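Here the structure comes first, spelled out in structure tokens, and everything after it is commentary.
Quantities reported herein were computed from a predicted structural model and do not represent experimental measurements.
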Amino acid sequence: MARVTLDEIRRAAERQYGDFDIALPDGTTATLRSPLRMSAEERSLLGDVESLVVAGDTGAITEALKIAAKTPEQAARLLDALGGDLATAAVLFEQWATAVSVGEPSPSAS
């Protein structure tokens, strides 16, 4: 029987569902969290905002980044660094969404 430690499981979860770090021009880092690391309320809000993004509401992108940021201070620094550039925010959002994509569960082999 296979045996693993909880620490090994945590390291594997971090590799698979870890944060998305963005180096900012001021030398600090802004961290966007994986949806699996958010509260149920935050995930629900993020889902609502993502629906707006898909519908073409570009202003919703900054809301999604605020929700995903690890802290409100990091969100503020990130948005300040973006300087209102929605094209850059959209690319950042797409890269984050791709990097933290949870995907669909695989069907069982049985």
Side-chain angles (χ1 to χ4, degrees):
M1 178 189 318
R3 181 180 175 120
V4 296
T5 67
L6 189 52
D7 285 340
E8 290 169 328
I9 298 298
R10 285 186 175 121
R11 284 191 297 274
E14 185 59 33
R15 279 191 305 275
Q16 190 165 354
Y17 303 111
D19 295 332
F20 186 84
D21 292 332
I22 302 109
L24 301 178
D26 67 1
T28 64
T29 299
T31 299
L32 301 180
R33 300 168 294 154
S34 166
L36 291 177
R37 298 283 171 96
M38 296 177 191
S39 70
E41 180 182 347
E42 288 171 320
R43 282 192 306 274
S44 177
L45 285 169
L46 185 62
D48 294 344
V49 169
E50 283 180 319
S51 296
L52 294 172
V53 171
V54 169
D57 182 347
T58 54
I61 294 170
T62 56
E63 280 306 308
L65 295 175
K66 285 181 192 177
I67 294 167
K70 197 166 203 168
T71 67
E73 294 79 17
Q74 288 183 14
R77 284 197 320 272
L78 175 60
L79 295 178
D80 185 54
L82 289 170
D85 182 349
L86 288 177
T88 301
V91 170
L92 172 58
F93 177 81
E94 289 170 9
Q95 288 184 2
W96 168 76
T98 299
V100 300
S101 176
V102 176
E104 296 292 320
S106 299
S108 117
S110 48

For the pair Thr28 (side chain) and Leu24 (backbone), establish whether a donor and an acceptor sit closer than 3.5 Å, ignoring hydrogens and angles. no

State whether Arg11 and Glu14 are salt-bridged, where the test is any N-O pair (Lys NZ or Arg NE/NH1/NH2 against Asp/Glu carboxylate O) under 4.0 Å. no

Can you tell me how far CG of Leu32 sits from CG of Asp21, rounded to the nearest 0.5 angstrom? 8.5 Å

Under a 4.0 Å threshold between the charged nitrogen and the carboxylate oxygen, would Asp19 count as salt-bridged to Lys70? yes

Interatomic distance, Leu79 atom CG to Ile61 atom CD1 [nearest 0.5 angstrom]: 11.5 Å

Return yes when atom CD of Glu41 has more than 12 non-hydrogen atoms of other residues, nucleotides or ligands closer than 6.0 Å, and no otherwise. no

Quick check for you: to the nearest 0.5 Å, what is the distance between Glu50 atom CD and Asp57 atom CG? 13.0 Å

Without swapping roles, check the side chain of Gln95 against the backbone of Leu92 for a donor-acceptor pair under 3.5 Å. no

Minimum heavy-atom separation for Ser34 to Tyr17, with atom names? CB-O, 3.1 Å

Restricting to non-hydrogen atoms, name the atom on Val100 and the atom on Gly18 that form the minimum distance, rounded to 0.1 Å. CG1-O, 4.2 Å

d(Ile67 CD1, Arg43 CZ) to nearest 0.5 Å is 12.5 Å

Is it true that a side-chain atom of Trp96 and a backbone atom of Arg33 form a donor plus acceptor pair closer than 3.5 Å? yes

Spell out, as yes or no, whether a donor-acceptor pair under 3.5 Å connects the side chain of Thr62 to the backbone of Gly59. yes

If two hydrophobic side chains count as joined below 4.5 Å and joins carry through other members, does Leu52 share a cluster with Met38? no

When rounded to the nearest 0.5 angstrom, what distance separates OG in Ser39 from CG in Leu46? 10.5 Å

Is a side-chain N or O of Gln74 found less than 3.5 angstrom from the main chain of Ala69, in a donor-acceptor match? no

Under a 3.5 Å distance rule, please check whether Glu8 uses its side chain to pair with a backbone N or O of Thr5 as donor and acceptor. yes

Hey, is Arg77 close enough to Asp80 for a salt bridge, meaning N to O under 4.0 Å? no

